[in-house]
Structures are given as C-alpha cells and as structure tokens.
Amino acid sequence: MKKLHFILIDDCSDSKADLKINFPINLTLLRITDNIPWNQPGAKNLGFKFAKTDWIFTSDIDHVLQPEMCGKLIELKKEKKTVYNLLIYFSF
C-alpha cells in the first residue's frame, strides 16, 4: 500500500516545472494557468481537490520535512474533524 501521494502545484510560474525523477514516487504535478498574485489559497484548494485520502499534510515549497518527521506524521493517531498545527524549530 502506498502511504504517500505527493501533489506539487505550480502556481503559474514563469517557466514550467521540469522534474527529472529517477526513483519511484507517487506524484501528481498540477499547474495553475491563471496568474493570480499571492494565490496560495487557490493552489492549496486545487491540491485538496486532487487528494485521494482522508488525511492531508500541506506545506509550502520553502519548508523542509525531514524523513524522520514524515514517518512520525504517518504513524500519528489522527482524529477526524481535527486540524493539527505543527510547530517547527529551525537550527542553523
């Protein structure tokens, strides 16, 4: 069973995403064609529409989710009708 489905959304950037992936991944790449400034909510709504599971983790492209945290999120006991906010600490 595939536990992760990645949905990447290009919010109408100047150049189309050209992904060169050489490993198996469950990935959907979507592109918004109307250039609406600061359209992060529209991009997230599009991702939610294409999600095929009950649980969704959303993030922006400039955030990094470490593999060990990804595993913890998958195993987390989740309650329906609940929103979880993550507090992420950065160290440089």
Side-chain angles (χ1 to χ4, degrees):
M1 175 176 82
K2 294 180 181 179
K3 290 192 175 191
L4 295 176
H5 176 205
F6 295 92
I7 301 173
L8 298 181
I9 299 162
D10 178 344
D11 62 352
C12 200
S13 61
D14 291 337
S15 58
K16 288 186 179 181
D18 183 21
L19 302 177
K20 297 193 181 1
I21 299 172
N22 60 0
F23 55 89
I25 186 170
N26 187 11
L27 172 68
T28 301
L29 177 60
L30 304 171
R31 185 168 201 275
I32 295 174
T33 56
D34 293 330
N35 191 5
I36 301 170
W38 303 283
N39 193 23
Q40 292 92 343
K44 288 182 186 232
N45 283 337
L46 181 62
F48 295 155
K49 179 178 179 178
F50 276 82
K52 298 177 176 99
T53 61
D54 290 337
W55 297 103
I56 299 168
F57 173 81
T58 181
S59 182
D60 291 328
I61 196 68
D62 58 347
H63 296 157
V64 176
L65 183 64
Q66 298 298 326
E68 59 275 4
M69 182 56 71
C70 186
K72 289 178 182 180
L73 288 173
I74 290 170
E75 300 303 323
L76 177 70
K77 182 180 177 195
K78 300 168 218 45
E79 300 290 331
K80 291 198 180 256
K81 297 184 180 183
T82 302
V83 173
Y84 296 91
N85 291 309
L86 303 177
L87 180 59
I88 300 173
Y89 293 95
F90 293 95
S91 61
F92 299 93

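Everything quoted here is computed from the prediction, not taken from an experiment. Numbering starts at 1 and runs along the sequence shown.
Through chains of ILVMFWY side-chain contacts below 4.5 Å, F48 is grouped with I56. Taking a 4.5 Å side-chain heavy-atom cut-off between Ile, Leu, Val, Met, Phe, Trp and Tyr, the cluster of L30 extends to I7, I9, I32, L46, F50.
With hydrogens and angles left out, the side-chain atoms of T28 and H5 include a donor and acceptor closer than 3.5 Å.
In this structure E75 satisfies the salt bridge (charged side-chain N to carboxylate O under 4.0 Å, His left out) test together with K3, sequence neighbours excluded. For the side-chain hydrogen bond (donor to acceptor under 3.5 Å, both in side chains) test, residues two or more places apart in sequence or in another chain that qualify with K80 are D54. Remark: K20 engages D18 in a side-chain hydrogen bond (donor to acceptor under 3.5 Å, both in side chains) (not counting sequence neighbours). Every residue meeting the side-chain hydrogen bond (donor to acceptor under 3.5 Å, both in side chains) condition with D10, not counting sequence neighbours, appears here in chain and number order: S13, R31.
Taken together through direct or relayed side-chain contacts under 4.5 Å among Ile, Leu, Val, Met, Phe, Trp and Tyr, L29 and I21 form part of one hydrophobic cluster. By the criterion of side-chain heavy atoms lying less than 4.5 angstrom apart, applied directly or through intervening Ile, Leu, Val, Met, Phe, Trp or Tyr residues, I61 is not grouped with F57; the two fall into different hydrophobic clusters. Residues V83 and L65 are members of separate hydrophobic clusters, defined by side-chain heavy-atom contacts under 4.5 angstrom among Ile, Leu, Val, Met, Phe, Trp and Tyr.
The nearest pair of heavy atoms linking T58 to K44 is OG1-NZ, 3.4 Å.
When side chains are defined from C-beta on, L4 does not count as touching I25, because their heavy atoms never get closer than 4.5 Å.
Distance check, rounded to the nearest 0.5 Å: CG of D34 to SG of C12 gives 7.0 Å. Of the inter-residue distances, the one linking L19 atom CG with L8 atom CG reads 6.5 Å to the nearest 0.5 angstrom. Atom CG of D11 is separated from atom CD1 of I36 by 10.0 Å, given to the nearest 0.5 angstrom.
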